[in-house]
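Scroll down for the structure; my scribbles are underneath it.
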Amino acid sequence: MEEAAHKKIIFSGIQPSGDLTLGSYMGAIKNWVALSDEYECYYCIVDMHAITVRQVPADLRRRALSQLAQYIACGLDPKKNTLFIQSHVPAHAQLGWVLDCYTMFGELSRMTQFKDKSSKNADNINAGLFTYPALMAADILLYQTDLVPVGGDQKQHVEICRDIAMRFNNIYGDVFTIPEPYIPPTGARIMSLTSPENKMSKSDKDPGGCIYIMQSPDDIMRCFKRAVTDSETGHCVYACPEKLGVTNLMQIYSVCTGKTMDEIEAEFDGMGYGAFKPAVGEAVVETLRPIREEAERLMKDKAYLEDILRDGAERAAYAANRELIYGALTDMGYACARPDGAFYLFLKSPEPDARAFCRRAMDYDILLVPGDDFGCPGYARLAYCVARSQLQRSLPAFRKLAESYGLSK
Ligand code: ATP
Ligand code: LTN
């Protein structure tokens, strides 16, 4: 993980609110894998978001573990990526609350996902469903995330996260990195096979409209053969706004095969849907087959999966607490004395920009907090804060940094 310290950061997550779909694979996970070499990545199972809709406890537990197996089977190496469950890192809930206080009622009311989900769950329009984007912003901002790879439906949530971060930064200074969304050029919005005007979604009630990563090849083929197209015959496989079903199938085929829409049109020139639909089904079956087989194998080794979760939560908590406790909370004015046994050592900044000095200190794996509230307003001072358990590890690094400034005794 050491060299990863200089890479840019990715955060993304999926709720374990249902079994993973072909939509979430194409819109999100496939791109997570593609980006994972270039970035330091945190990929999360966002189970706290999932309870905005009622969940059966046993199903939620089972799905979280199965989702981890599917992340790995899709190609996310747990050694290179931090894979973890949101509720295992309490800093998400902590910063979530803080950001609730910097998020406006009006902007939350405009979220299309809130409008959509509250109309589908009219008997449970809870406050969490409404403040969902503030918790999502906390997920992202906790890690000083640069890039958030998501499907097109989440763009609005990344935009509100940017607005919240800028609002916070305007008040307290340069606290949070402003993240960018990454929306893939193809596969950003995979539609239902039975009602192609709606997004393919894991909470879709129509069983034929949605393809799941873990679905059997026979079931997948059956769904594609029944996929809605139109009544055109002859030269009928081409993309256009009026042909929602066909365009969607072409997109799916394009993501599976890497072929462009023009190449697909040429490939099926003169053929009817009777040939086209099973061909798309086959391509999906072959894309998902190795993932399903590997996930089934991993699910038999629960101890291995649980080890990954423990390790992931520890790594994520380390990074999150560094940003939360030593960053946002201190900048907001929360007192330094903490009940967790952390202690503090103050020193003058050797350069005018205390914040830049603190950032540099992170390269030495030590935590420095800028502060100007120790009786010398405007004069940069630093608080050196480490939990007692980290002291052994941090002190040698601190000495090295101090030496580099000629500050050692
Ligand atoms: P739910 O039905 O519980 O709202 P969902 O199936 O819509 O769930 P999410 O968990 O909301 O899926 O999404 C997980 C990730 O996959 C997000 O980045 C989302 O943008 C992406 N995604 C989900 N469905 C699709 C889709 N049909 N096409 C492209 N991307 C998708
Ligand atoms: N809202 C997202 C899931 C999510 C997420 C995140 C995605 C929660 N927190 C942080 C990216 C980054 C959804 O897919 N429904």
Side-chain angles (χ1 to χ4, degrees), residues 9-32 41-55 59-60 63-64 67 70-71 74 84-87 89 92-93 95-96 99 111-114 116-121 128-129 131-143 145-162 164-165 179-193 195-206 209-213 248 251-252 255 316 320:
I9 294 171
I10 278 186
F11 183 99
S12 197
I14 299 181
Q15 313 176 65
S17 51
D19 296 326
L20 290 180
T21 70
L22 183 67
S24 46
Y25 174 69
M26 295 187 161
I29 307 172
K30 189 171 190 287
N31 310 302
W32 298 1
C41 302
Y42 294 87
Y43 293 128
C44 190
I45 294 160
V46 288
D47 57 347
M48 296 200 300
H49 280 101
I51 61 163
T52 53
V53 173
R54 287 279 173 271
Q55 302 293 334
D59 290 348
L60 188 62
R63 282 199 224 104
Q67 194 163 313
Q70 289 170 65
Y71 280 6
C74 285
F84 71 106
I85 293 185
Q86 186 187 30
S87 64
V89 180
H92 288 251
L95 185 63
L99 296 184
M111 294 294 112
T112 44
Q113 182 172 298
F114 171 69
D116 187 43
K117 295 236 159 154
S118 46
S119 68
K120 284 187 188 151
N121 300 281
L129 201 59
T131 60
Y132 180 112
L135 179 60
M136 177 160 161
D139 298 340
I140 296 168
L141 301 178
L142 261 182
Y143 299 89
T145 300
D146 296 287
L147 197 68
V148 187
V150 281
D153 62 310
Q154 293 302 311
K155 189 162 180 259
Q156 198 183 30
H157 283 165
V158 180
E159 274 160 11
I160 191 176
C161 167
R162 288 166 56 88
I164 297 167
E180 295 285 340
Y182 173 89
I183 315 276
T186 325
R189 194 167 167 79
I190 301 297
M191 310 309 277
S192 158
L193 299 191
S195 42
E197 60 288 351
N198 297 325
K199 187 187 82 126
M200 183 184 283
S201 162
K202 55 176 132 68
S203 46
D204 192 351
K205 298 283 178 288
D206 180 354
C210 190
I211 301 294
Y212 299 96
I213 291 184
N248 186 40
Q251 294 255 356
I252 293 173
V255 178

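Ligands are counted one by one from 1 in listed order, and the atoms in each one are counted from 1 as well.
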Minimum non-hydrogen distance to atom 7 (O) of ligand 1, winning option of Lys199, Gln113, His157, Lys202
Lys199

Of the side chain and backbone of Arg189, name the one, both, or neither that has a heavy atom under 4.0 Å from an atom of ligand 1.
backbone

Sorted by chain and residue number, the side-chain hydrogen bond (donor to acceptor under 3.5 Å, both in side chains) partners of Tyr43 (sequence neighbours excluded) come out as none

Heavy atom of Ala188, distance to ligand 1 below 4.0 Å
yes

What distance do Leu20 atom CG and Tyr212 atom OH have between them, rounded to the nearest 0.5 Å?
10.5 Å

List in chain and number order the residues that pass side-chain hydrogen bond (donor to acceptor under 3.5 Å, both in side chains) with Thr52, two or more places apart in sequence or in another chain; answer none if no residue qualifies.
none

With backbone taken as N, CA, C and O and side chain as the heavy atoms from C-beta onward, which portion of Ser201 lies under 4.0 Å from ligand 1: side chain, backbone, both, or neither?
both

Given 3.5 Å as the limit, does a donor-acceptor pair link the side chain of Asn121 with the main chain of Lys117, or not?
yes

Can you find a side-chain donor-acceptor pair between Asp139 and Gln86 that sits under 3.5 Å?
yes

Polar side chain donor-acceptor pair, Ser87 to Asp47, under 3.5 angstrom
yes

Ligand 1 contact by Gly187, heavy-atom criterion under 4.0 angstrom
yes

My understanding is that only one of Tyr42, Tyr182, Tyr143 makes a ring pair (Phe, Tyr, Trp, His ring centres under 6.0 Å) with Phe11; could you say which?
Tyr143

Among residues at least two apart in sequence or on other chains, which ones pass side-chain hydrogen bond (donor to acceptor under 3.5 Å, both in side chains) with Gln70?
Ser66

Is there at least one protein heavy-atom neighbour under 4.0 Å from atom 13 (O) of ligand 1?
no

Can you tell me the protein heavy atom closest to atom 2 (O) of ligand 1 and the distance?
Ser203 OG, 2.4 Å

Using a 4.0 Å heavy-atom cut-off, which part of Lys117 comes near ligand 1: side chain, backbone, both, or neither?
side chain

Between Ser24 and ligand 1, which part of the residue brings a heavy atom under 4.0 Å of the ligand: side chain, backbone, both or neither?
both

As a check for students: among Gly152, Pro181, Gly23, identify the option with a heavy atom nearest to atom 30 (N) of ligand 1.
Gly23

Among all protein heavy atoms, pick the one closest to atom 11 (O) of ligand 1 and tell me residue, atom and distance.
Gln15 NE2, 4.0 Å

Exercise answer, ligand 2 polar atom pairs (N/O) under 3.5 angstrom:
| residue | atom | partner | partner atom | Å |
| --- | --- | --- | --- | --- |
| ligand 2 | 1 (N) | Tyr132 | OH | 2.6 |
| ligand 2 | 1 (N) | Gln154 | OE1 | 2.9 |
| ligand 2 | 9 (N) | Asp139 | OD2 | 2.7 |
| ligand 2 | 15 (N) | Gln15 | NE2 | 3.4 |
| ligand 2 | 15 (N) | Tyr132 | OH | 3.0 |
| ligand 2 | 15 (N) | Gln154 | NE2 | 3.2 |

Distance to 0.1 Å, residue and atom name: give those for the protein heavy atom nearest to atom 18 (O) of ligand 1.
Gly151 N, 3.2 Å

Has the side chain of Thr145 got a donor or acceptor atom that lies under 3.5 Å from a matching backbone atom of Ile140?
yes

With a 4.0 Å cut-off on heavy atoms, does Gln154 reach ligand 1?
yes

Starting from atom 19 (C) of ligand 1, locate the nearest protein heavy atom and write down its residue, its atom name and how far away it is, to 0.1 Å.
Asp153 OD1, 3.3 Å

